[in-house]
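Keep in mind the model is a prediction, meaning the values are calculated, not measured.
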Amino acid sequence: MKNLSKFYDRFWTEDRGEFGGYVRNLELPSFFKAGELILDVGCGDGTVGEFLQSKTGVKVKGVDISKEAIKKARAKGVDAKLGSSEQRFPFDDNSFDKVFWGDNIEHLFDPEKTIQEIKRVLKKNGKLILSCPNMGYWRYRIHYFLFGSLPDTEWTGLHPWKWAHIRFFNLKILEDFLLSNGFKKITKVLGISERRLDKPFLQFIPSLFGMILVLEVLNE
């Protein structure tokens, strides 16, 4: 864990680009309502939490493994605490209306530990908002067919053994994962892509035309 903390401390000392540069971010307000208490798992430097607080009127608390990220998040008005996504969260049971788990699951060795912690801190009938790269995206399927290798969903140009993404999901895998860990049902699926050819189909088949998936999931 110490080495992982150092890795992400270095990661968050660098400029991570403009908030609007990641198209997923601009779609998030539709999932939240004013007055809700939100936990941002793997909150990073608090950019998303700051945006949600200013645009939707929610209150965001965060948890992240990086001291550098926590310092930046607090400077942006996000009540962030130090902690790993794969260990017990520093929050009480049944304390959050919603949990935002954004593009973190694909980085984890033990996502089942994380999902159980999310269930623990969510209120009854609370909701999880989960986003991650979609390996069911049609261009990724063609890439695998043509080249026999997974696409680089981080756009780093690195060899696969150097990727930070270590787990890969499509809608079916996510549904099985969530339901097998005690969530009631997926209540909304949003596919996200900036590509012109994808946009007309996102509403109808998000699992095929979304480069990114955002799921709203109901807790028991």
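- No hydrogens or angles considered: a donor-acceptor pair under 3.5 Å links the side chains of T156 and D152.
- Taking the side-chain contact (heavy atoms from CB on, under 4.5 Å) definition, one finds that S149 meets it with H143, F147, sequence neighbours left out.
- Annotation: ring pair (Phe, Tyr, Trp, His ring centres under 6.0 Å) contacts of F100 (sequence neighbours excluded): none.
- The list of salt bridge (Lys or Arg N to Asp or Glu O under 4.0 Å) pairs with a residue in residues 170-184, not counting sequence neighbours, reads K172-D176.
- Taken from CE in M135 to NE2 in H165, the straight-line distance is 10.0 Å, to the nearest 0.5 Å.
- For E106, there are no salt bridge (Lys or Arg N to Asp or Glu O under 4.0 Å) partners, not counting sequence neighbours.
- The side-chain contact (heavy atoms from CB on, under 4.5 Å) test applied to T47 returns F19, D45, K76, not counting sequence neighbours.
- Under the 30°/60° scheme for interplanar angles, the aromatic rings of W101 and F177 are found to be tilted.
- R139 meets the side-chain contact (heavy atoms from CB on, under 4.5 Å) test with Y137, R195, L197, D198; sequence neighbours excluded.
- Annotation for K185: atom NZ does not count as buried by contact number, only 12 or fewer foreign heavy atoms lying within 6.0 Å.
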Next item on the list: List the steps and the verdict of salt bridge (Lys or Arg N to Asp or Glu O under 4.0 Å) for D103 and R24.
Entry: CA-CA 10 Å; D103 288 34; R24 179 214 66 180; 3.3 Å; yes

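- Salt bridge K98/E36: present, at least one basic N to carboxylate O contact under 4.0 Å.
- Clustering of Ile, Leu, Val, Met, Phe, Trp and Tyr side chains at separations under 4.5 Å places F109 together with I166.
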Note to self: Under the criterion side chain to side chain contact (heavy atoms under 4.5 Å, CB included), I'd like the reasoning laid out for S30 against K188: C-alpha separation, chi angles, the key distance, then a yes or no.
What the structure shows: CA-CA 11 Å; S30 64; K188 183 176 179 180; 3.7 Å; yes

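- Minimum heavy-atom separation, N134 to N170: OD1-CA, 3.7 Å.
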Return a table of donor-acceptor pairs under 3.5 angstrom between the side chains of residues 200-220 and protein atoms on other chains or two or more places apart.
| residue | atom | partner | partner atom | Å |
| --- | --- | --- | --- | --- |
| E216 | OE1 | K127 | NZ | 3.4 |
| E216 | OE1 | T187 | OG1 | 2.6 |
| N219 | OD1 | K119 | NZ | 2.6 |
| N219 | ND2 | K123 | O | 3.3 |

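- Ionic pairing of D79 and R74 is not present here: no N-O contact between side-chain nitrogen and carboxylate oxygen is shorter than 4.0 angstrom.
- One finds the CG atom of L28 at 7.0 Å from the OG atom of S131 (value rounded to the nearest 0.5 Å).
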Margin query: ring-ring contact (aromatic ring centres under 6.0 Å, His included) for H159 and W161? Distances and angles first, verdict last.
Written below: CA-CA 6 Å; H159 293 297; W161 53 88; 4.5 Å; yes

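- Taking every heavy atom of both residues into account, C43 and I70 meet most closely at SG-CD1, 4.4 Å.
- With respect to E117 and R120, a salt bridge is recorded, a charged nitrogen being found less than 4.0 Å from a carboxylate O.
- With sequence neighbours excluded, no residue satisfies ring pair (Phe, Tyr, Trp, His ring centres under 6.0 Å) with W155.
- Residues meeting the ring pair (Phe, Tyr, Trp, His ring centres under 6.0 Å) test with F89, sequence neighbours left out: none.
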Item checked: Pair L4-I65, side chain to side chain contact (heavy atoms under 4.5 Å, CB included): steps then yes or no -> CA-CA 8 Å; L4 199 58; I65 197 172; 3.9 Å; yes

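- Residues meeting the salt bridge (Lys or Arg N to Asp or Glu O under 4.0 Å) test with K71, sequence neighbours left out: E68.
- Checked against side-chain contact (heavy atoms from CB on, under 4.5 Å), K55 has the following partners two or more places apart in sequence or in another chain: F51.
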